[in-house]
Amino acid sequence: MLDRQTRVLNNREKYLSNFLRVLCGVITLLMIVFSIVGLFPQGVKFGLIMLIGLVFVTAAIIISVFKLSDSKYRIFWLTIILIGIALRIVYSLTIDVSIVSDQQHCLTAAQQAANGDFSWATSDDYFVVWAYQIPFVLYESVILKIFGTIRALYVFNGLFSILTCIFIYLIFKKVYQKNVALITTAIFACFPMLICSISRLYNQIIAGVFLLCAIYFFIDVCKQPTLFVTKKAIKNIILPCALTGMFLGISNVFRPEAIIGVLAVVVWFAYSFITKANKKNVWTLLLGSAIGILAAYLSYKIVNVGVGTAVIFSGISPNGISNGCIYWTIVCGMTPDSYGGYSTTYISILDYKEPSEQFVVFKKMMAEIFSNRSIGDIIHFFVMKEYKMWGEIYYCCELNNAPNLVYVLLNNISHGIYIITALFALLGLRKRKFNPTKAFLIILFLGFFMALVIKEANSPYRYSTVLVLVLMSANGIEYLIDKKMNIKSRFLKDKKAIQ
């Protein structure tokens with residue numbers, strides 16, 4: 001018989017974990033529905049063909065997992081991973097795409113910086129307002145200075161994409177059995193979105209690698225049986241949390257969204273405290289959680305402040321790497337006429353330089369946006385916005401001189417694999433084994449998703465969310481393998497009984 005205190009803790013964990021799973025499940029299901037609908041705008045016939053193909057590919061993956069999950073087939077899955085890596089190398093060396101929009105803006109600045117000209121950082125309004133792009137431009141300028149060709153930027157994108165595969169495998173290996181890690185990594189090593197994103201000279205890929213590094217080290221904290229302050233606390237809690245914060249800080253330097261990772265760390269410690277605290281350990285658990293949060297936040301902050309200070313003292317920009325208008329993406333994301341997509345309707349907020357002035361204007365704009373709008377209008381707006389974010393095809397593959405059919409098929413296949421990723425993540429939520437690591441991934445996923453609900457709807461922005469979704473999809477693969485083992489066990493038991 002369990003004592004009363006143990007039953008209370010078990011119930012807390014049960015209710016909280018079920019809440020997280022249900023909330024994540026509803027959101028993932030909505031993403032799947034929007035994504036399937038997104039297959040049909042090019043025509044019902046084309047959409048049905050893609051949907052049938054999606055069913056066949058999903059069935060093929062499930063059958064492969066059932067048939068080839070034993071250790072003797074590891075060489076097969078390893079070969080798939082190597083093919084995925086080879087595709088990245090070939091693609092980065094042969095890619096022929098148009099460089100447009102923000103990519104071109106940053107590339108032009110990087111070319112000037114490579115020649116010793118940093119005037120763009122203060123004379124170009126783009127970098128004055130969005131100074132957080134400066135570290136990425138400097139990264140590109142170093143590569144251009146050393147290698148002297150734009151091709152090198154694509155090659156480095158390819159290398160970071162390969163590192164993405166490696167860290168996905170290392171994370172899986174920490175959490176799951178080796179065969180689950182190998183199979184799931186193999187499936188997503190050939191994920192077209194992760195491969196074709198090499199063609200975009202954006203900061204998502206490099207920021208994504210450091211995000212995965214942070215997750216890799218925080219898993220060490222998630223796997224601790226206790227968060228108490230002990231002699232081993234420095235090794236088991238403080239050091240992993242500090243490394244987590246450091247890599248989140250580096251990720252944030254390249255793309256300012258890793259603060260979501262820091263908030264996820266805080267929420268995870270709160271979750272652990274609620275599900276583990278009792279009268280005997282409440283103070284030591286509280287102290288251990290506070291130290292972990294502090295270690296993560298301080299290391300995160302030190303990296304960001306350090307890089308910003310270096311940019312200021314080097315004379316490149318007096319603004320460091322700050323965001324000149326944090327409200328712009330929210331106002332843009334709430335604009336009705338574009339369903340949260342890019343719009344210049346409220347671009348006048350960028351004319352105000354002081355944060356206090358921007359906040360006043362921001363409140364007026366938000367009041368104007370939501371005035372005289374019914375609940376039905378607001379619901380319709382957010383439904384259409386989420387369709388724009390998750391349903392519209394992410395044209396990650398933009399090849400010059402490629403036949404239109406090849407272009408359309410590659411991007412639709414990428415969209416289809418993304419749907420399969422969400423399906424496996426949804427399937428994994430059925431699994432009853434709910435450990436702290438899975439809780440952290442769900443919290444992180446929910447954080448990225450909620451940020452996308454608020455900010456501008458732009459399909460490339462979902463890169464980090466999809467990375468976390470890929471990590472969650474391993475739960476579905478594990479679920480299938482467990483089902484296979486249960487079926488095999490029952491079959492052997494029945495066979496033995498008959499004999």
Side-chain angles (χ1 to χ4, degrees), residues 20 23-24 26-31 33-35 102 129-130 132-133 202-204 207-208 211 248 251-252 254-268 300 304 322-350 352 355-356 358-371 373-392 394 422 441-469:
L20 287 174
L23 180 59
C24 186
V26 170
I27 289 172
T28 307
L29 185 60
L30 287 173
M31 288 165 57
V33 171
F34 285 132
S35 301
D102 291 358
V129 176
W130 292 295
Y132 61 78
Q133 293 278 26
Y202 284 145
N203 48 17
Q204 280 100 334
L211 172 66
L248 285 174
S251 178
N252 201 72
F254 285 101
R255 184 167 183 81
E257 62 181 16
I259 185 63
I260 296 169
V262 177
L263 294 175
V265 168
V266 174
V267 173
W268 181 87
Y300 164 85
N304 280 269
S322 62
N323 186 339
C325 186
I326 61 174
Y327 307 109
W328 162 245
T329 189
I330 301 174
V331 172
C332 201
M334 296 296 164
T335 304
D337 58 2
S338 62
Y339 291 118
Y342 180 78
S343 171
T344 57
T345 304
Y346 296 99
I347 200 169
S348 60
I349 194 173
L350 299 179
Y352 299 87
S356 57
Q358 291 173 358
F359 183 64
V360 172
V361 175
F362 169 72
K363 288 195 296 184
K364 288 180 180 178
M365 288 180 172
M366 294 302 288
E368 180 184 332
I369 287 171
F370 286 101
S371 63
R373 296 180 71 188
S374 66
I375 298 297
D377 291 335
I378 294 173
I379 291 174
H380 177 259
F381 167 77
F382 279 106
V383 169
M384 294 305 296
K385 181 180 180 180
E386 292 312 300
Y387 169 74
K388 180 182 282 290
M389 177 59 76
W390 302 105
E392 290 186 355
Y394 171 29
L441 291 177
I442 288 177
I443 291 168
L444 187 60
F445 169 77
L446 293 174
F448 278 119
F449 178 85
M450 294 309 297
L452 294 176
V453 170
I454 298 170
K455 67 192 293 186
E456 176 193 344
N458 191 343
S459 54
Y461 291 175
R462 67 192 188 195
Y463 183 87
S464 297
T465 314
V466 172
L467 275 186
V468 180
L469 197 66

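The model shown is predicted, which means the values in this text are computed figures rather than measured ones.
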TODO: Would you sort out whether L211 and E257 count as a side-chain contact (heavy atoms from CB on, under 4.5 Å), showing the intermediate values?
DONE: CA-CA 10 Å; L211 172 66; E257 62 181 16; 6.0 Å; no

Task: Beyond-backbone contact of W390 with V33, side-chain heavy atoms, under 4.5 angstrom - done: no

TODO: Using the test side chain to side chain contact (heavy atoms under 4.5 Å, CB included), find all partners of F359 that sit at least two apart in sequence or belong to another chain.
DONE: Y327, F362, K363

TODO: Please name all residues satisfying ring pair (Phe, Tyr, Trp, His ring centres under 6.0 Å) with Y387, sequence neighbours left out, ordered by chain then number.
DONE: none

Task: Shortest non-hydrogen separation from N252 to A258 and the atoms involved - done: OD1-N, 3.1 Å

Open item on the list: So, using side chain to side chain contact (heavy atoms under 4.5 Å, CB included) as the criterion, who are the partners of T335 when residues are at least two apart?
Closed with: D337, S338, S343, T345, Y346

Task: pair F254-Q204: side-chain heavy atoms closer than 4.5 Å - done: no

- [ ] Please test W328 against Q358 for side-chain contact (heavy atoms from CB on, under 4.5 Å), starting from the C-alpha separation and ending with a verdict.
- [x] CA-CA 9 Å; W328 162 245; Q358 291 173 358; over 6 Å; no

Task: Nearest-0.5 Å distance that lies between atom CD1 in I369 and atom OG in S371 - done: 9.0 Å

Open item on the list: Holding to ring pair (Phe, Tyr, Trp, His ring centres under 6.0 Å), I want the full list of residues that pass it with Y339, two or more places apart in sequence or in another chain.
Closed with: H380

- [ ] Mind checking side-chain hydrogen bond (donor to acceptor under 3.5 Å, both in side chains) for S251 and listing every partner two or more places apart, or none if nothing turns up?
- [x] none

Task: Residue pairs fulfilling salt bridge (charged side-chain N to carboxylate O under 4.0 Å, His left out) with at least one residue in residues 376-388, sequence neighbours excluded - done: K388-E392

Open item on the list: As a quick check of understanding, evaluate side-chain contact (heavy atoms from CB on, under 4.5 Å) for Y342 and I347, giving each step before the final call.
Closed with: CA-CA 10 Å; Y342 180 78; I347 200 169; 4.3 Å; yes

Identify all side-chain donor-acceptor contacts of residues 441-458 below 3.5 Å with residues at least two apart in sequence or on another chain.
none

- [ ] Go through the structure and list residues passing side chain to side chain contact (heavy atoms under 4.5 Å, CB included) with L30, not counting sequence neighbours.
- [x] V26, F34

Open item on the list: Tell me every residue that passes ring pair (Phe, Tyr, Trp, His ring centres under 6.0 Å) with F382, counting only those two or more places apart in sequence or in another chain.
Closed with: none

Task: For I379, side chain to side chain contact (heavy atoms under 4.5 Å, CB included) partners two or more places apart - done: I375, V383

Open item on the list: Does Y132 form a side-chain contact (heavy atoms from CB on, under 4.5 Å) with R255? I'd like the steps, not just the answer.
Closed with: CA-CA 7 Å; Y132 61 78; R255 184 167 183 81; over 6 Å; no

- [ ] Looking only at non-hydrogen atoms, find the nearest pair between R373 and I378 and report the distance.
- [x] O-CD1, 4.2 Å

